[in-house]
Structures are given as structure tokens and as C-alpha cells.
Amino acid sequence: MTAPTLPPHSSPTAPAPATDGPADASGVPLGETLHTQVITWFDGNARDLPWRRADAGAWGVMVSEFMLQQTPVNRVLPVYEQWLARWPRPADLAKEAPGEAVRAWGRLGYPRRALRLHGAAVAITERHGGDVPTEHAQLLALPGIGEYTAAAVASFAYGQRHAVLDTNVRRVLARAVTGVQYPPNATTAAERRLARTLLPEEEETAARWAAASMELGALVCTAKNESCHQCPISGHCAWRLAGKPAHDGPPRRGQTYAGTDRQVRGKLLAVLREAHTPVPQAMLDRVWHEPVQRARALDGLVADGLVEPLPGALYRLPLT
DNA sequence: GATTCGTGGTA
DNA sequence: TTACCAAGAAT
């Protein structure tokens with residue numbers, strides 16, 4: 001049997017709608033084939049993650065999405081459980097000091113997310129009666145929620161039809177449809193167009209497709225050491241059919257860490273997370289030898305609202 | 001659009 | 001060991 005091919009990425013025009021696109025050998029529209037195969041695979045291979053359970057609720061989905069921004073699932077799991085147990089509703093978190101959110105964030109990294117999640121909980125309590133809003137635009141207006149997270153919450157929590165373009169889905173589409181190993185560094189208009197084009201018409205199917213294509217990227221179509229032998233769409237993956245050509249163009253920016261302000265900020269905040277009384281500057285001075293960078297990092301934390309300076313050269317996590 | 005923002009696991 | 005990577009957002 002001949003493997004059906006997806007529309008070439010070099011096509012100057014937008015791909016045809018999913019239900020009206022090219023057909024495979026059996027005459028089934030290709031988009032539907034793709035959806036069916038990936039969703040069927042998902043039915044048998046989806047991980048049992050707590051935020052996917054029926055009782056997670058929109059708040060659980062939202063908390064998980066904040067934590068999963070740039071942080072692996074395995075590291076999120078224990079912290080997620082603690083957060084939901086301690087703050088089962090947005091209003092529970094909203095009445096806490098923001099510093100408590102930062103402390104409970106632990107070592108997930110990018111602690112501004114904790115501050116933004118707290119801010120989002122406050123906004124939800126004040127503006128939405130304590131319920132995570134259902135509209136994409138309302139979600140987008142909350143602190144810490146961007147294009148991806150708004151679509152993810154609306155899709156996963158409320159079953160709506162949105163193009164959910166995270167790094168996993170972008171990689172799956174780059175390979176399966178466009179025929180390249182990696183997507184561009186930043187999300188492009190062409191990627192959004194493609195994702196919208198491939199979105200199933202039916203709302204429930206679209207939401208299922210979003211979760212399934214993301215899971216495929218996370219478990220099978222991984223950045224390195226992809227497992228094409230267990231991929232449900234390997235038979236019509238443009239990248240694989242092209243012989244899996246290596247990524248050309250500029251290497252994707254490595255993120256050096258040692259010696260950066262980020263590392264210093266991390267060390268400073270680690271001290272403050274552990275302390276339950278205001279910390280003297282002298283104690284913070286011990287985390288980094290270079291005074292100029294140390295001061296810059298501390299100032300940055302204060303400017304970001306992650307640290308509250310007190311009279312007498314004392315510092316703590318923010319109470320307000 | 002390019003940068004900045006943590007942390008830890010893996011090859 | 002260095003380099004890359006992990007469900008992005010804000011500026």
C-alpha cells in the first residue's frame with residue numbers, strides 16, 4: 001500500500017480545511033485520518049495525570065498549566081498535589097500572601113509564575129466570582145496566561161475548540177506536515193494557520209485532538225530520540241518520508257546558566273524560601289561572591305515583587 | 001523579534 | 001563535562 005502524503009510545506013497557499021483536504025488511498029479526508037489515528041493512539045497511551053482526571057476541575061487544569069510552563073511533568077506532580085490540597089479553589093489562594101505562593105512553588109523554577117498564578121487567583125476572585133473564566137479572551141487577560149495557556153485551559157477544562165500550540169504540537173506538525181525536524185524558534189503565523197486548518201470541526205473532537213497531539217509530542221515524537229516505530233502516523237509523516245533530514249539553519253539558542261543573574265536570583269530566593277523570619281542582608285551576601293551582580297540580582301527580585309525589602313537591611317518573601 | 005526568567009535530568 | 005531540553009509569558 002502506498003503511504004499517503006500530507007500537503008507539502010512549500011505550498012504558498014494555506015492548506016485546505018481538515019474536512020475538505022487531500023484524501024488518503026481509501027478516500028478518507030487526510031485531516032480526519034490524522035485525528036482518528038492520533039486520538040486512537042491517545043486512547044490507549046495517555047498518561048494518567050491528576051489534572052486530566054474528571055475531578056480536577058478548571059482550577060486544577062489552570063494550576064497545572066502554570067506549573068508546566070517550561071517545567072517537566074515529573075517535577076510538577078508532587079507540587080501540584082500540594083497546591084490543590086492546600087488551595088482547592090482560586091479564592092483559597094487569593095487570600096494568601098503572595099510570598100506563600102512563592103514559597104510553595106519550591107524549586108519548580110521561574111518563580112514569577114507563582115506570583116502570576118496568585119495574581120490570577122485574585123483576579124478570578126474579584127472579577128469572575130471565584131470561578132475560572134470560560135472565555136478565551138477572559139483567560140488571556142489574566143496574569144501569566146498567554147496564547148498557549150488560554151487555549152489549553154479553554155480546551156482541556158471546558159472542552160472548547162482551540163488550536164493549542166505548545167512546543168510538542170509544534171514539533172509534531174513540523175515533522176508530520178511540514179517535513180522538518182524542528183519548528184522555528186518562535187511561533188509563526190504559518191504555524192497558527194496550519195494548526196487552525198487541522199483543527200477538527202467538532203468541538204469535542206478538537207479538544208481531544210489537542211490533548212492527543214500534545215501527548216504524542218511528549219511521549220513519541222520527542223525532540224531527541226524520537227520513537228517513530230510506535231508513532232500512529234509514521235506512515236504519512238513528511239519528515240520521516242523525506243529521510244529525516246537534520247535541522248538546518250542556525251542552532252537553537254542554548255541557555256547557559258552558570259554565572260548568570262538567573263543563577264544568583266535562584267540562590268537568593270532559595271534562602272528566602274527556607275526562612276520564616278526576615279533575613280539580614282549579610283546572610284544573602286553569602287550566596288554569591290561578586291557584589292555588583294549580587295546587588296543587581298536582589299534589586300531585580302525586589303522589582304519583580306518576589307522579594308520585599310524591610311527597614312534595617314532585612315528581606316523576606318512578599319506579604320502584599 | 002530578541003531577551004530574560006530557574007531548575008534539574010539526561011546523553 | 002558541556003549542551004540540550006522541559007505543556008511559555010512578558011517586555
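The chains referred to below are lettered A, B, ... by the order of the sequence lines, with proteins before strands, and numbering in each begins at 1. Atoms considered below: every heavy atom in the structure, side chains included; atoms not considered: hydrogens, waters and symmetry mates.
In this structure, the side chain of A:Arg294 engages the main chain of A:Trp288 through a donor-acceptor pair within 3.5 Å. For the pair A:Arg103 (side chain) and A:Glu274 (backbone), a donor-acceptor distance under 3.5 Å is absent. The backbone N or O of A:Leu319 sits less than 3.5 Å from a side-chain atom of A:Glu308, completing a donor-acceptor pair. A donor-acceptor contact shorter than 3.5 Å links the side chain of A:Arg113 to the backbone of A:Leu108.
Side-chain to base pairing of A:Arg75 with B:dT7: one donor and one acceptor N or O lie within less than 3.5 Å of each other.
Between A:Ala186 and A:Ala270, it is A:Ala186 whose nearest contact on DNA chain B lies nearer the 5' terminus.
The distance between atom OH of A:Tyr257 and atom C1' of C:dC5, rounded to the nearest whole Å, is 15 Å. As rounded to whole Å, 8 Å separates atom P of B:dG6 from atom CG of A:Leu269. One atom, CG of A:Asp261, and another, C1' of B:dT7, lie 16 Å apart when rounded to the nearest Å. For A:Lys267 and B:dT7, the NZ to C1' distance is 12 Å, given to the nearest whole Å. Computed from coordinates, the A:Glu215 CD to C:dA7 P distance equals 10 Å when rounded to whole Å. A straight line from CZ of A:Arg170 to P of C:dC5 spans 13 Å, rounded to a whole angstrom. As rounded to whole Å, 15 Å separates atom C1' of C:dA7 from atom CE of A:Met62. Between the CG atom of A:Leu301 and the P atom of B:dG6 there is a distance of 7 Å, rounded to whole Å.
In this structure, A:His136 NE2 and A:Glu147 CD are separated by 7.0 Å, a value rounded to the nearest 0.5 Å.
Partner A:Tyr148 forms a side chain to side chain donor-acceptor pair (under 3.5 Å) with one of A:Gln69, A:Arg170, A:Glu65 and no other, that one being A:Glu65.
Of the side-chain N and O atoms in A:Arg273, none sit less than 4.0 angstrom from OP1 or OP2 of B:dG6. One finds no side-chain N or O of A:Arg52 lying less than 4.0 angstrom from the OP1 or OP2 phosphate oxygen of C:dA7.
Looking only at atom types and distance, the side chain of A:His236 has a donor-acceptor partner in the side chain of A:Gln37 under 3.5 Å away.
Within the 4.0 angstrom heavy-atom criterion, only backbone atoms of the sugar-phosphate kind lie near A:Arg171; the bases stay farther away. At a threshold of 4.0 angstrom between heavy atoms, the contacts of A:Trp105 with the nucleic acid are absent. Counting any heavy atom pair closer than 4.0 Å across all strands shown, A:Leu115 reaches no nucleic acid atom.
For A:Met214, whose side chain is taken as the heavy atoms from C-beta onward, the closest listed nucleotide among B:dG6, C:dA7, B:dA11 is C:dA7.
If you take atom P in C:dA9 and the same atom in B:dG8, they sit 23 Å apart, rounded to whole Å. Spacing of P atoms, B:dT3 relative to C:dC4, comes out at 16 Å, to the nearest Å. C:dA7 and B:dA2: their P atoms are spaced 22 Å apart (whole Å).
Salt-bridge check for A:Asp43 with A:Arg208: passed, with a basic side-chain N closer than 4.0 Å to an acidic carboxylate O.
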For nucleotides 8-11 of chain C, list the nitrogen or oxygen atoms of the protein found under 3.5 Å from its nitrogen or oxygen atoms, one pair per line.
| unit_1 | atom_1 | unit_2 | atom_2 | d |
| --- | --- | --- | --- | --- |
| C:dG8 | OP2 | A:Gln70 | N | 3.1 |
| C:dG8 | OP2 | A:Gln70 | NE2 | 3.0 |
| C:dG8 | O3' | A:Thr149 | OG1 | 3.4 |
| C:dA9 | OP1 | A:Gly146 | N | 2.9 |
| C:dA9 | OP1 | A:Thr149 | N | 2.9 |
| C:dA9 | OP1 | A:Thr149 | OG1 | 2.5 |
| C:dA9 | OP2 | A:Tyr148 | N | 3.4 |
| C:dA10 | OP1 | A:Gly144 | N | 2.7 |

